[in-house]
Amino acid sequence: MDKIKTIRGMHDIHGLEFLHQKQIIELFESVANNFNFKPIATPIMEFNEIFVRTLGLSSDVVMKEMYTLLDRNNQKLTLRPEGTAGIARAIISSGLTQDIPLKFYYYGPMFRYERPQKGRLRQFTQVGVEVYANSNIEKDFEVISLAEKFLKDLNIRDNLTLKINNLGNWEDRKTYTKELKKYYSEFKNDLSEDSIIRLEKNPLRILDSKNLEDIEVNKNAPKINEYLSDNNKSIFIRLKAMLEDFNISFEEDPFLVRGLDYYSNTIFEFALKTDSKFAILAGGTYDNLISELGGPKLSGTGWAAGLERLTQLVDFMEKDSQQILIVPLEKKFINAAYEIRQIFLNTKFSSEVIINKNLKKSLKYGNKISADYAILIGEEEINNKIYTIKNLNTGNQNKVKKSLILEFFENA
RNA sequence: GCGACUGUAGCUCAGUUGGUUAGAGCGCUGGUUUGUGGUACCGGAGGCCGUGGGUUCGAAACCCAUCAGUCGCCCCA
């Protein structure tokens with residue numbers, strides 16, 4: 001029997017890392033609430049087909065990265081690789097199409113069967129938002145400005161570049177892809193090995209290749225904006241104008257492409273300035289997602305951000321609440337200690353009772369957990385009904401009546 | 001899916017060209033006249049040297065496989 005261990009790319013989260021993640025999620029929730037988005041949680045497993053139909057059979061995620069398992073009934077179930085498909089399914093199967101516009105936020109674990117490396121795990125966490133509406137809401141702008149606010153509040157916006165592009169609708173893309181194929185075929189000998197495969201599979205992906213030879217070929221490749229329909233062109237122009245009006249800095253990137261097939265029209269990503277292929281938050285519009293799953297024609301826009309990637313970027317301020325250690329000096333004072341403990345139970349203070357053979361040990365424990373105060377309870381304190389409060393940072397001690405203890409800490 | 005490097009106590013690592021009962025620091029735990037710590041001293045526990053196989057009189061060290069970690073590529077958040 002092998003040593004017990006976690007599954008590859010799946011880790012336990014505890015201590016500081018847990019608290020950091022929690023802090024980001026709480027901030028995310030408050031920003032989303034501020035934009036009047038509502039929470040939603042969908043199951044972490046769906047029928048395999050949900051993802052195959054939405055993400056696209058040819059996408060890498062579906063082809064080689066899905067955690068698909070058979071249950072006891074031989075049904076093909078998949079651990080969700082992303083959040084959008086499940087929410088789209090929920091909108092249809094819960095009849096939420098009666099309530100549009102819909103503005104949702106979510107967070108939770110996602111699963112992708114990939115080789116673990118920097119910023120990539122098999123189980124990871126995404127926070128994300130979705131807007132489903134017809135034309136009465138500026139979805140793209142709404143969702144991007146939410147992201148902007150979120151990243152600013154995290155104090156990492158300056159590390160990131162917002163890149164945007166418009167892929168056009170299905171028709172636009174079809175003609176564009178044809179043109180691309182034609183162009184790349186002429187330069188087939190100059191393309192990288194990977195891109196020669198892409199040429200057959202999905203020529204759009206050659207555009208965001210990081211291979212130097214490909215980048216050279218890309219310089220003269222036809223640009224998507226030349227193939228946009230008038231309607232999509234004006235959507236894109238309006239979005240850019242709004243971003244400018246509201247001081248959201250961005251770069252138009254005609255080479256920006258997304259790997260999931262459901263995107264159309266606007267796509268965007270916030271990527272590291274220092275490593276532009278490392279996306280922190282990314283998303284776009286999906287015009288055909290709901291209808292693809294058998295629902296009505298309803299367009300959505302959304303994004304997702306990798307919580308673990310965010311955690312690596314954010315500078316956390318350790319805002320620990322005041323920790324108070326309650327130390328009975330002998331066993332017979334334990335009850336008295338817990339009575340003092342009662343004082344703190346409905347306050348912002350964290351407190352605990354610890355008893356050791358001697359005070360030294362207890363104070364050492366206080367150092368270990370970096371407690372701020374120790375309340376000492378011994379013969380003297382019990383007899384005089386006055387408790388000794390020791391500030392563990394300064395070493396100062398005060399004698400305080402029981403009825404004034406809470407007041408003491410509130411003013412400390 | 002492809003590639004590089006790594007895998008010795010809870011953590012960070014030593015372990016000499018293969019040679020007896022595998023080491024350190026930190027941490028943990030117990031004690032040092034039993035009411036004062038964060039900066040003292042003494043003791044203790046804790047490792048089938050990732051796992052399985054092979055080479056050898058002998059392997060933590062060499063070979064193979066496998067699992068895991070880190071980092072690239074593909075792709076993605």
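Note that the coordinates shown come from a computational prediction; the quantities given were computed from them, not determined experimentally. Every chain is numbered from 1, with letters handed out A, B, ... down the list of sequences.
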Point to revise | Residue pairs passing the ring pair (Phe, Tyr, Trp, His ring centres under 6.0 Å) test where at least one lies in residues 175-209 of chain A, sequence neighbours excluded | key: A:Y176-A:Y227, A:Y183-A:F187
Study note, to complete from the structure: Of A:V61 and A:N393, the one whose closest nucleotide on RNA chain B sits nearer the 5' end is A:N393
Exercise for review: Would you sort out whether A:S185 and A:L199 count as a side chain to side chain contact (heavy atoms under 4.5 Å, CB included), showing the intermediate values?
Suggested key: CA-CA 8 Å; A:S185 300; A:L199 183 53; 4.3 Å; yes
Could you go over nucleotides 29-34 of chain B and give all protein N or O partners under 3.5 Å, atom names and distances?
{"from": "B:G31", "atom 1": "OP1", "to": "A:K357", "atom 2": "NZ", "distance (Å)": "2.7"}
{"from": "B:G31", "atom 1": "OP2", "to": "A:K361", "atom 2": "NZ", "distance (Å)": "3.2"}

Point to revise | For A:N393, all residues meeting side chain to side chain contact (heavy atoms under 4.5 Å, CB included), sequence neighbours excluded | key: A:D372, A:N391
Check your understanding: So which pairs with a foot in residues 349-362 of chain A pass side-chain hydrogen bond (donor to acceptor under 3.5 Å, both in side chains), sequence neighbours left out?
Key -> A:S321-A:S350, A:R341-A:S351, A:E352-A:Y365, A:N356-A:S362
Review point. Which part of the nucleic acid, if any, lies within contact of A:G9, taking any heavy atom under 4.0 Å across all strands shown: a base, the sugar-phosphate backbone alone, or nothing?
Key: sugar-phosphate
Exercise for review: Provide the distance between the two P atoms, one in B:U33 and one in B:C42, to the nearest whole Å.
Suggested key: 15 Å
Exercise for review: Determine the contact category for A:L392: base if any of its heavy atoms lies under 4.0 Å from a base atom, sugar-phosphate if only primed atoms, P, OP1 or OP2 are that close, otherwise nothing.
Suggested key: base
Review point. With no hydrogens and no angle check, do the side chains of A:D214 and A:S209 hold a donor and an acceptor under 3.5 Å apart?
Key: yes
Check your understanding: Rounding to a whole Å, what distance do you find between A:N356:CG and B:U36:P?
Key -> 14 Å
Review point. Which part of the nucleic acid, if any, lies within contact of A:E380, taking any heavy atom under 4.0 Å across all strands shown: a base, the sugar-phosphate backbone alone, or nothing?
Key: base
Practice item. Between B:G44 and B:G53, how far apart are the C1' atoms? Round to whole Å, please. Key: 38 Å
**Study point:** Set of residues satisfying salt bridge (charged side-chain N to carboxylate O under 4.0 Å, His left out) with respect to A:K399, sequence neighbours excluded
**Key:** A:E380
Review point. Given pairs defined as Watson-Crick or G-U wobble with both distances under 3.5 Å, what dot-bracket annotation applies to RNA chain B, with ( ) intrastrand, [ ] crossing, | other strand and . unpaired?
Key: (((((((..((((.....[...)))).(((((.......))))).....(((((..]....))))))))))))....
Check your understanding: If you measure from the C1' atom in B:C67 to the same atom in B:G58, how many Å do you get, rounded?
Key -> 28 Å
Review point. When you compare B:C73 with B:C57, how far apart are their P atoms, in angstrom units rounded to a whole number?
Key: 47 Å
Point to revise | Flag for A:N383-A:K385: side-chain donor and acceptor within less than 3.5 Å | key: no
Point to revise | Separation between the P atoms of B:C64 and B:C5, rounded to whole Å | key: 12 Å
Revision key, fill the gap. Sequence neighbours excluded, the answer for ring pair (Phe, Tyr, Trp, His ring centres under 6.0 Å) partners of A:Y286 is A:Y262, A:Y263
Point to revise | Rounded interatomic separation in angstrom, taking CG from A:N367 and P from B:G27 | key: 12 Å
Any N/O pairs under 3.5 Å between the protein and nucleotides 43-46 of chain B? List them or say none.
none

**Study point:** Distance, P atom - from B:U66 to B:C75, rounded to whole angstrom
**Key:** 26 Å
Practice item. May I have the step-by-step check of side chain to side chain contact (heavy atoms under 4.5 Å, CB included) for A:I386 and A:V400, ending in yes or no? Key: CA-CA 5 Å; A:I386 289 183; A:V400 181; 5.8 Å; no
Review point. Expressed as a whole number of Å, how far does the P atom of B:A9 sit from that of B:G52?
Key: 15 Å
Practice item. Look at the side chain of A:R205 and decide which nucleotide, out of B:C75, B:G38, B:U36, has an atom nearest to it. Key: B:C75
Review point. Taking NZ, NE, NH1 and NH2 as the nitrogens, is one of them in A:D275 or A:K277 under 4.0 Å from a carboxylate oxygen of the other?
Key: yes
Dump every N/O contact between nucleotides 70-74 of chain B and the protein below 3.5 Å, one line per pair.
{"from": "B:C71", "atom 1": "OP2", "to": "A:K118", "atom 2": "N", "distance (Å)": "3.0"}
{"from": "B:C73", "atom 1": "OP1", "to": "A:K277", "atom 2": "NZ", "distance (Å)": "3.3"}
{"from": "B:C73", "atom 1": "N4", "to": "A:Q117", "atom 2": "NE2", "distance (Å)": "3.0"}
{"from": "B:C74", "atom 1": "O3'", "to": "A:R198", "atom 2": "NH2", "distance (Å)": "3.0"}
{"from": "B:C74", "atom 1": "O2", "to": "A:K64", "atom 2": "NZ", "distance (Å)": "3.0"}
{"from": "B:C74", "atom 1": "N4", "to": "A:R120", "atom 2": "NH1", "distance (Å)": "2.4"}
{"from": "B:C74", "atom 1": "N4", "to": "A:R120", "atom 2": "NH2", "distance (Å)": "2.4"}

Practice item. With RNA chain B as reference, determine whether A:L281 or A:T6 sits nearer its 5' end, using the nearest nucleotide of each. Key: A:T6
Revision key, fill the gap. Those residues at least two apart in sequence (or on a different chain) that pass salt bridge (charged side-chain N to carboxylate O under 4.0 Å, His left out) with A:D190 are none
Review point. Per the ring-ring contact (aromatic ring centres under 6.0 Å, His included) rule, which among A:Y106, A:F37, A:Y105 passes with A:F28?
Key: A:Y105
**Study point:** Sugar-phosphate only, base, or nothing, as touched by A:E379 at under 4.0 Å among non-hydrogen atoms
**Key:** base
Review point. Contact class for A:G378 (heavy atom, under 4.0 Å): base, sugar-phosphate, or nothing?
Key: base
Practice item. May I ask you to check whether A:D140 and A:T285 show a side-chain donor-acceptor distance below 3.5 Å? Key: yes
Point to revise | Pairwise C1' distance, B:C49 and B:C71 [rounded to whole Å] | key: 25 Å
Check your understanding: How would you label the contact of A:Q397 with the nucleic acid (heavy atoms, under 4.0 Å): base, sugar-phosphate, or nothing?
Key -> base
Point to revise | Nearest-Å distance for atom pair CG/C1', residues A:D372 and B:G37 | key: 14 Å
Review point. Within this structure, what is the CG-to-C1' distance between A:L16 and B:C11, rounded to whole angstrom?
Key: 16 Å
Review point. Any chance the side chains of A:D287 and A:N265 put a donor and an acceptor closer than 3.5 Å?
Key: yes
Check your understanding: Taking only residues two or more places apart in sequence or in another chain, which ones pass salt bridge (charged side-chain N to carboxylate O under 4.0 Å, His left out) with A:R205?
Key -> A:D60
**Study point:** d(CG, A:L256; P, B:C75) in whole Å
**Key:** 14 Å
Review point. Between atom OH in A:Y373 and atom C1' in B:G38, what is the gap in whole Å?
Key: 16 Å
Review point. Tell me: CG of A:L154 to P of B:A77, nearest whole Å?
Key: 18 Å
Exercise for review: Using the test salt bridge (charged side-chain N to carboxylate O under 4.0 Å, His left out), find all partners of A:E65 that sit at least two apart in sequence or belong to another chain.
Suggested key: none
Exercise for review: Round to the nearest Å and state the distance from A:I326 atom CD1 to B:G35 atom P.
Suggested key: 20 Å
